[in-house]
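To find a chain, count down the sequence lines: A is the first, B the second, and so on, and within it residues start at 1.
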There are 2 protein chains.
Amino acid sequence: MTVLPFTPPVLPDEAEDSPLRSVSTAVAVLDCFTDSPELGATKVAARLGIAKSTACRMLAALAAGGLLEKAGSGRYRLGLRLFEYGQLAVDRLLLREVAMPVLGELRETVRETVQLGVAVGTDVLYLERLETEGAGLRFRTDYHRNPAHSSSIGRVLAASDPSLTMAILERGLERRTPFTVVDPRRWRQTLVQTREQGYATCRDEYDQGWSSIAAPILTGASGRRRAVAAVSVVGSTSRVLGPRKPALVQGVRRAAERITVALERATS
Amino acid sequence: MTVLPFTPPVLPDEAEDSPLRSVSTAVAVLDCFTDSPELGATKVAARLGIAKSTACRMLAALAAGGLLEKAGSGRYRLGLRLFEYGQLAVDRLLLREVAMPVLGELRETVRETVQLGVAVGTDVLYLERLETEGAGLRFRTDYHRNPAHSSSIGRVLAASDPSLTMAILERGLERRTPFTVVDPRRWRQTLVQTREQGYATCRDEYDQGWSSIAAPILTGASGRRRAVAAVSVVGSTSRVLGPRKPALVQGVRRAAERITVALERATS
DNA sequence: GGGCATCGTTCCGGCTTCCGGAACGGCAGG
DNA sequence: CCTGCCGTTCCGGAAGCCGGAACGATGCCC
């Protein structure tokens, strides 16, 4: 039997400060499914450090609620009700609502994949991704979350949020490619540059050959403006950071600015 | 104070047979947010028939897990982690994976909004919706779930699943427009017709002025084929059920068939 | 094909932890 | 300023949960 690629017990770390232990455990059980598409009671129990019987009951209870689904022979997977809840959650986001049409136009203009992302912990969560329609090389689309330090959106968000910057540094700058900026000083320097320029770039740092440009969507009074989200254009490095770069930068910045204004108008 | 449009206590009905009461309650709390975007402890407690303190703890625990988020002044809303889980759930669906490219081509062909839906209880849940790109009237996009009886996808699914048919009839055929088929006999007749034709239509039954055509995605051995999902084209009634109807029917059927074949190939 | 290892599920006693009522603090409206 | 209303906290009683072990089923390997 091979060594499990699993991260050891997650539960003791994050469930310590919350009441309702069984609910916390249930959430931890759900978390197990972010890494593995299908899990059984034994593996869940092992990963969380709980009794097998407890894991079994948790799985059954979550399945009864539709958050999990039973996939033959006692294995479980994430349930469709989660998809439903997730859609509801994001539909109710004013940000996404006002951003959507602008993103659509941006894609038309730049003819590359465009993204809308926010910070979740030290990661970037992509709320929307409109893929390029061209037949060119497609960006891989099989993730919805990235470490923030190796993402242009993450850089834009961190540039205006000192606490996010600290959290990212504390977690550590994990190397993904030979080009990932892993030196804290150099990484901070990229934030300085981002603030000066008003946009961020990310060259080959997450997936070699792929780069992106991002600009911030701001909110708050003019004195205390902060980035709540960011728009980015992503594509092969030669297409994004080559001769078209100035045009893409302008497109991304304009789109972000338009969303910022639309947000202000909608919330006032 | 106005009469609440809330359905009275949901919890006693569905949490009776499951162990882990607090987990069941937590799921019921989540369910409250399908109707209302934001809720506080008092309203949740009233709706579920639990103590205010219990509701408060539930909300706090769910928020600690990221399933809910605190929206200033003690109100809560669905959290982004749900979006993440939901994306994972649907990304891992083989059905969606093989259907996506076909749906894209179908939209190109018919130049209308196309949908992919499955049955969840007596509703249709839309796993994917590609909106028409044209500048024409857009179908409203603010829902992800429909009563199955007034949907062409629901009709297709019910036509091949007697137990779904029964469940829908037991729940009752709610009238949504003057054209909604609410007579059980007539509704059953539409299923017969669906089986004969191999596709279903729905004219002005959910939103007046909007109609759809759906065809089934089948699975299982040739003897026991059953619809697991369906593809549909939706647009204004004149565009969908007018002169273009034969072309749209053919397009939808071909797409559904291609997905069926692709699914078989992928699972064998 | 048979035996074995593994896994999911069930049962039960001890006790952890959760529930409900009441009191506290903050907020908004009168 | 006062008065509801609401979210949160505290506490005792007890209900429901946890963990270990036994059961039944599944699937793998020989």
Point to revise | Closest approach of A:Arg145 to A:Tyr126 (non-hydrogen atoms, all atoms of both residues) | key: N-CD1, 4.1 Å
Point to revise | Sole residue of A:Arg47, A:Lys43, A:Arg77 in side-chain hydrogen bond (donor to acceptor under 3.5 Å, both in side chains) with A:Ser36 | key: A:Arg47
Check your understanding: Nearest-Å distance, CD (B:Glu38) to P (D:dG7)?
Key -> 11 Å
Practice item. Identify the two heavy atoms, one from B:Ala229 and one from B:Val118, that lie closest to each other, and give their separation to 0.1 Å. Key: CB-CG1, 3.7 Å
Review point. Which heavy-atom pair separates B:Arg155 from B:Ala200 by the least distance, and what is that distance?
Key: CB-CB, 3.9 Å
Practice item. For each nucleotide in nucleotides 18-25 of chain D, reading 5' to 3', give B when a protein heavy atom comes within less than 4.0 Å of its base, S when such contact involves only the sugar-phosphate, and - otherwise. Key: BBB-----
Exercise for review: Grab the CZ-C1' distance between A:Arg75 and D:dG27 for me, whole Å please.
Suggested key: 12 Å
Check your understanding: Do B:Ser22 and A:Ser22 have a side chain donor and acceptor closer than 3.5 Å?
Key -> yes
Check your understanding: Taking CG from B:Leu62 and C1' from C:dC18, how many angstroms apart are they, rounded to a whole number?
Key -> 15 Å
Atom pairs, N/O to N/O, protein against nucleotides 28-30 of chain C, distance under 3.5 Å?
none

Practice item. Kindly write out the residues that satisfy salt bridge (Lys or Arg N to Asp or Glu O under 4.0 Å) with B:Glu97, not counting sequence neighbours, or none if the list is empty. Key: none
Check your understanding: Checking salt bridge (charged side-chain N to carboxylate O under 4.0 Å, His left out) for the pair A:Asp123/A:Arg171: CA distance, chi angles, key distance, verdict?
Key -> CA-CA 10 Å; A:Asp123 288 340; A:Arg171 180 174 157 179; 3.0 Å; yes
Study note, to complete from the structure: Contacts of A:Ser160 meeting side chain to side chain contact (heavy atoms under 4.5 Å, CB included) (sequence neighbours excluded), chain-then-number -> A:Arg226, A:Ala227
Study note, to complete from the structure: Nearest heavy-atom approach of B:Ile217 to B:Ala256 is CG1-O, 4.1 Å
Check your understanding: So, is A:Tyr76 close to the C:dC7 phosphate, meaning a side-chain N or O under 4.0 Å from OP1 or OP2?
Key -> no
Practice item. Answer yes or no: is there a donor N or O on one side and an acceptor on the other, between the side chain of B:Glu69 and the main chain of B:Leu80, under 3.5 Å? Key: yes
Check your understanding: Rounded to the Å, how far apart are B:Leu59 CG and D:dT8 C1'?
Key -> 11 Å
Practice item. Kindly calculate the angle separating the two end axes of the helix from C:dG1-D:dC30 to C:dG30-D:dC1, each obtained from five base pairs, and round it to 10 degrees. Key: 50°
**Study point:** Residues which pass side chain to side chain contact (heavy atoms under 4.5 Å, CB included) with A:Leu88, listed by chain and number, not counting sequence neighbours
**Key:** A:Arg92, B:Thr34, B:Leu78
Practice item. Could you tell me whether the phosphate oxygens of D:dC5, OP1 or OP2, come under 4.0 Å of any side-chain nitrogen or oxygen in B:Lys43? Key: no
